[in-house]
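Comments concern the structure below.
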Number of protein chains: 2
Amino acid sequence: MFTSSEENYLKAIYHLEIGVDKGVSTNAIAEKLVTKASSVTDMVKKLSEKELIIYKKYQGVSLTNFGKKIASNIVRKHRLWEVFLVEKLNFSWDEVHDVAEQLEHIKSPKLIQQLDLFLGFPTHDPHGDPIPDKDGNLKAIEKSLLSSLIKNESGICVGVNDSSKDFLQFLDKKGITLGKLITVLEKEDFDGSLFIQIDRKKLSISNKISNNLYIKKQ
Amino acid sequence: MFTSSEENYLKAIYHLEIGVDKGVSTNAIAEKLVTKASSVTDMVKKLSEKELIIYKKYQGVSLTNFGKKIASNIVRKHRLWEVFLVEKLNFSWDEVHDVAEQLEHIKSPKLIQQLDLFLGFPTHDPHGDPIPDKDGNLKAIEKSLLSSLIKNESGICVGVNDSSKDFLQFLDKKGITLGKLITVLEKEDFDGSLFIQIDRKKLSISNKISNNLYIKKQ
DNA sequence: ACATTATTTTAGTCTTGTCTAAAATAATAT
DNA sequence: ATATTATTTTAGACAAGACTAAAATAATGT
Ligand SMILES: [Mn+2]
Ligand SMILES: [Mn+2]
Ligand SMILES: [Mn+2]
Ligand SMILES: [Mn+2]
């Protein structure tokens with residue numbers, strides 16, 4: 001149906017337009033896809049021709065319903081494959097992304113339907129991100145940034161805001177994984193750092209870390 | 001490392017040079033890949049530049065050891081994915097090929113290593129074809145065409161020579177699947193057709209069929 | 001041996017997706 | 001209001017991988 005390149009542009013726009021009400025800028029897409037603005041302009045014209053996005057010169061772009069459907073399906077495939085890699089093939093959560101970037105472009109509706117079944121219809125990927133259903137709907141989980149907790153509050157770790165290898169490996173090193181209970185013992189006002197309890201360990205984490213960890217308050 | 005297109009050419013040459021001692025012809029490759037001879041000439045020059053094949057004008061081509069390694073690895077991936085689709089995702093043997101054609105190009109050594117483990121190190125794919133190991137070696141199974149059996153001989157069905165959807169679905173319809181015991185009850189000399197027993201059923205099959213079914217004699 | 005046919009290669013073109021450099025437009029600052 | 005800067009688009013080029021048509025070479029038949 002569509003080329004891998006087209007799919008990657010749709011996916012980028014899908015992620016970029018979340019939570020913003022104006023069009024996604026050419027430069028934003030270029031940065032996300034590590035390409036040049038001129039290349040983006042070219043592709044954006046093609047996607048517009050195919051009614052996947054709305055595009056007016058200098059105005060940025062937004063997905064049509066059709067485009068949204070295609071894009072969310074790529075995200076769905078990406079996240080299902082990530083679950084597969086972690087649950088069935090012993091990958092760790094910092095190893096799955098690059099492979100999923102390839103697998104998400106495999107074309108076979110039956111494959112994804114059966115994979116979904118095989119995995120037991122997961123709703124979230126290994127990073128806590130929701131998996132869209134066939135219609136693109138996603139089950140929003142109520143979550144807050146760890147940095148928003150105050151002293152003596154606690155919650156379960158349910159996701160990350162930054163999925164980079166570096167950050168995920170850092171969390172592993174500190175013993176922070178999804179499902180763990182975190183309690184805020186102290187909060188330093190001057191730098192926003194937290195002194196937390198996780199398992200039997202107490203540790204101090206910077207504001208940069210707590211701004212990238214999602215918690216389900218309890 | 002290599003593009004999907006390059007990998008497809010290498011795989012085609014790999015399959016075509018089995019059992020022949022002279023170079024694989026341009027036309028043979030073109031036919032297998034459903035492309036034009038001129039396109040093949042172009043690609044063959046590139047692969048030759050990269051030391052994947054030996055090519056001299058008008059002489060046909062053959063894989064170098066390096067090319068053979070790359071090609072057998074694609075075949076390995078193709079067949080492991082076919083096993084996965086049948087064993088884990090409820091695909092039937094006539095549905096797996098097209099998806100495997102895509103999956104074989106996914107680049108991740110860890111993925112294949114873990115898939116192999118997950119599947120229990122299978123040696124053959126759903127069509128009875130051997131799965132090359134990491135070094136390209138394949139475990140040859142002794143097998144004969146069903147058409148070579150004589151009256152009252154029998155054997156286990158271990159593979160197909162034709163993996164087309166049509167043929168595989170025909171076999172399903174007749175209840176012929178890998179692992180089944182087949183006994184030749186009668187052999188007609190004038191058309192080579194066989195009257196065989198499989199399970200409790202007796203049926204007649206044409207020479208065209210028996211020429212595409214591999215049997216392990218017993 | 002030579003004419004005919006089949007195969008392979010070359011030459012030139014096209015599409016996709018990228019790039020650089022330059023031009024056009026929009027946003028911002030004085 | 002105008003100058004400066006930032007963003008976006010256009011123009012032109014390139015590489016990969018395909019194609020058609022024509023030329024070159026090899027194979028075959030008489
Ligand atoms: Mn990912
Ligand atoms: Mn993810
Ligand atoms: Mn196959
Ligand atoms: Mn097979």
Side-chain angles (χ1 to χ4, degrees), chain A residues 1-14 16-17 20-63 67 70-71 74 101-102 104-107, chain B residues 1-14 16-17 20-63 67 70-71 74 101-102 104-107:
Chain A
M1 198 70 173
F2 300 104
T3 66
S4 291
S5 188
E6 287 172 329
E7 290 182 345
N8 284 336
Y9 275 91
L10 292 174
K11 186 164 57 107
I13 297 164
Y14 177 88
L16 289 168
E17 80 177 359
V20 297
D21 49 354
K22 49 195 181 83
V24 176
S25 78
T26 301
N27 268 357
I29 300 171
E31 187 179 13
K32 173 145 271 204
L33 294 178
V34 194
T35 184
K36 303 293 164 165
S38 54
S39 307
V40 174
T41 302
D42 285 348
M43 178 59 89
V44 134
K45 286 176 182 168
K46 276 185 265 181
L47 296 177
S48 176
E49 279 296 313
K50 298 186 181 183
E51 317 236 302
L52 289 158
I53 63 176
I54 305 293
Y55 167 64
K56 284 222 195 70
K57 274 197 199 178
Y58 297 101
Q59 304 285 122
V61 304
S62 59
L63 293 171
I70 304 296
I74 308 296
E101 284 289 304
Q102 300 176 62
E104 70 188 6
H105 300 295
I106 301 292
K107 271 126 190 113
Chain B
M1 197 70 174
F2 300 104
T3 66
S4 291
S5 188
E6 287 172 329
E7 290 183 344
N8 283 336
Y9 275 90
L10 292 174
K11 185 165 58 107
I13 297 165
Y14 176 88
L16 288 167
E17 80 177 1
V20 296
D21 48 355
K22 50 197 179 84
V24 177
S25 78
T26 301
N27 267 357
I29 299 170
E31 188 179 13
K32 172 145 271 201
L33 294 178
V34 194
T35 186
K36 302 293 165 167
S38 55
S39 307
V40 174
T41 302
D42 285 348
M43 179 58 91
V44 134
K45 285 175 182 170
K46 276 185 265 181
L47 297 176
S48 175
E49 279 297 312
K50 299 186 181 183
E51 317 237 304
L52 290 158
I53 62 176
I54 304 293
Y55 166 65
K56 283 223 196 71
K57 272 195 197 179
Y58 296 103
Q59 303 285 121
V61 303
S62 60
L63 294 170
I70 305 296
I74 308 296
E101 285 288 304
Q102 299 177 63
E104 70 187 8
H105 300 294
I106 302 292
K107 271 128 189 107

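Just so you know, these numbers use all the heavy atoms, side chains as well, and skip hydrogens, waters and symmetry mates. Proteins come first, then strands; the chains are lettered A, B, ... in the order of their sequence lines, and each starts at number 1.
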Take the protein atom CD of Gln59(A) and the nucleotide atom C1' of dA26(C), then report the distance between them rounded to whole Å. 10 Å

Leu16(A) side, atom CG; Leu63(A) side, atom CG - distance, nearest 0.5 Å: 10.0 Å

Check this one for me: any side-chain N or O of Thr26(B) less than 4.0 Å away from OP1 or OP2 of dT9(C)? yes

Going through the checks in order, is the side chain to side chain contact (heavy atoms under 4.5 Å, CB included) test met by Tyr9(B) and Ile29(B)? CA-CA 8 Å; Tyr9(B) 275 90; Ile29(B) 299 170; 3.8 Å; yes

Under 4.0 Å between a side-chain N or O of Tyr55(B) and OP1 or OP2 of dT9(C)? yes

May I ask you to verify if any side-chain N or O of Lys45(B) is less than 4.0 angstrom from the OP1 or OP2 atom of dT10(C)? yes

Would one find a side-chain N or O of Asn27(A) under 4.0 angstrom from OP1 or OP2 of dA6(D)? no

Side-chain N or O of Lys57(B) less than 4.0 angstrom from OP1 or OP2 on dT10(C)? yes

Taking side-chain hydrogen bond (donor to acceptor under 3.5 Å, both in side chains) as the criterion, tell me which of His105(B), Glu101(B), Lys32(B) meets it with Asn8(B). His105(B)

What's the NZ-P distance between Lys22(A) and dT7(D), to the nearest Å? 12 Å

For Ile74(A), is there any backbone N or O sitting under 3.5 Å from a side-chain donor or acceptor partner on Glu7(A)? no

So, does Lys46(B) get its side chain near the phosphate of dG17(D), meaning an N or O under 4.0 Å from OP1 or OP2? yes

Check step by step if side chain to side chain contact (heavy atoms under 4.5 Å, CB included) holds for Val44(B) and Thr26(B). CA-CA 9 Å; Val44(B) 134; Thr26(B) 301; 6.0 Å; no

When you get a sec, tell me which of dT8(D), dA21(C), dT8(C) is the closest nucleotide to the side chain of Ser38(A)? dA21(C)

Check the distance between dA27(D)'s C1' and Tyr58(B)'s OH and give it to me in whole angstrom. 13 Å

Show your reasoning for whether side chain to side chain contact (heavy atoms under 4.5 Å, CB included) applies to Ile106(B) and Ile106(A). CA-CA 9 Å; Ile106(B) 302 292; Ile106(A) 301 292; 4.0 Å; yes

From CZ of Phe2(A) across to P of dG17(C) the rounded distance in Å is 12 Å

Rounded to whole Å, please give me the gap between CG in Leu47(A) and C1' in dT16(C). 13 Å

Spatial distance of atom CD1 (Ile70(A)) from atom CZ (Phe2(A)) [nearest 0.5 Å]: 4.5 Å

Looking only at atom types and distance, does a side-chain atom of Gln59(A) sit under 3.5 Å from a main-chain N or O of Gly23(A), one as donor and one as acceptor? no

Euclidean distance, atom CE of residue Met43(A) to atom P of dT9(D) [Å, nearest integer]: 15 Å

Give a yes/no on whether any side-chain N or O of Thr3(A) is located under 4.0 angstrom from OP1 or OP2 of dG17(C). yes

Atom NZ of Lys56(B) and atom P of dT9(C): how far apart are they, to the nearest Å? 13 Å

Do any side-chain nitrogens or oxygens of Ser39(B) fall under 4.0 Å of OP1 or OP2 in dA18(D)? no

I want to verify a distance call: between dA18(D), dC19(C), dA21(D), whose nearest atom is closest to the Asp42(A) side chain? dC19(C)

Taking only the side-chain nitrogens and oxygens of Ser5(B), find out if one of them lies under 4.0 Å from OP1 or OP2 of dA18(D). yes

Secondary-structure notation, DNA chain D, from Watson-Crick and G-U pairs under 3.5 angstrom (| other strand): ||||||||||||||||||||||||||||||

Can you check the Glu31(A) CD to dA6(D) P distance for me, whole Å? 15 Å

Please determine whether a side-chain nitrogen or oxygen atom of Thr35(B) lies at a distance below 4.0 Å from atom OP1 or OP2 of dG17(D). no

So, is Tyr9(A) close to the dT18(C) phosphate, meaning a side-chain N or O under 4.0 Å from OP1 or OP2? yes

